[in-house]
Amino acid sequence: MTARVAIWAAGLGASVVLNAALAGLVWLSIRPVPIAEQAMPQTRIDVQAHRLDRTEARPAEARGNPARTAPATGAPLSPGAIAKARAKPL
């Protein structure tokens with residue numbers, strides 16, 4: 001009986017050690033790494049604006065042929081009430 005208890009104790013101890021090692025490995029692989037401070041880039045943006053005179057477009061007739069109309073297709077809907085179904089209790 002003591003051999004059986006010793007085997008179970010050894011198995012439990014090995015399981016705890018392996019799970020702790022695996023948890024440590026996961027923690028090491030997902031921990032954040034500090035990032036070194038970076039210098040701000042030396043950039044400059046020049047923005048210029050030009051004033052433009054407002055004008056209106058000349059009115060013009062529409063060119064081209066109007067699109068053809070086609071009759072609507074599809075199944076008509078019934079003007080009656082919405083069909084409902086209920087499951088019967090067992």
Side-chain angles (χ1 to χ4, degrees):
M1 185 80 166
T2 58
R4 185 177 290 171
V5 173
I7 291 173
W8 276 98
L12 181 63
S15 175
V16 168
V17 168
L18 289 175
N19 278 303
L22 183 61
L25 183 64
V26 168
W27 180 77
L28 285 174
S29 66
I30 64 171
R31 69 180 175 158
V33 177
I35 298 174
E37 191 68 33
Q38 297 178 358
M40 291 294 292
Q42 300 296 325
T43 58
R44 194 178 85 174
I45 298 176
D46 291 329
V47 178
Q48 296 179 0
H50 298 280
R51 184 172 296 276
L52 299 175
D53 296 331
R54 275 189 97 99
T55 58
E56 301 226 358
R58 294 185 307 259
E61 291 293 322
R63 287 180 281 176
N65 299 326
R68 294 186 326 231
T69 58
T73 58
L77 297 177
S78 171
I82 298 172
K84 293 182 181 177
R86 291 189 179 259
K88 296 181 182 178
L90 295 175

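Predicted model, so just to flag it, every value in this text is computed and none were measured. All values below were derived from every heavy atom in this structure, side-chain atoms included, with hydrogens, water molecules and symmetry-related copies excluded.
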Extract all donor-acceptor atom pairs below 3.5 Å that involve side chains of residues 37-54 and protein atoms in other chains or at least two apart in sequence.
unit_1 : atom_1 : unit_2 : atom_2 : d
Arg44  : NH2    : Asp46  : OD2    : 3.1

Cationic tip of Arg4 above Trp8 ring, under 6.0 Å, 45° of axis: no

Considering only distance and modelled atom types, tabulate donor-acceptor pairs under 3.5 Å from the side chains of residues 10-22, sequence neighbours left out.
unit_1 : atom_1 : unit_2 : atom_2 : d
Ser15  : OG     : Asn19  : ND2    : 3.3
Asn19  : ND2    : Ser15  : O      : 2.9

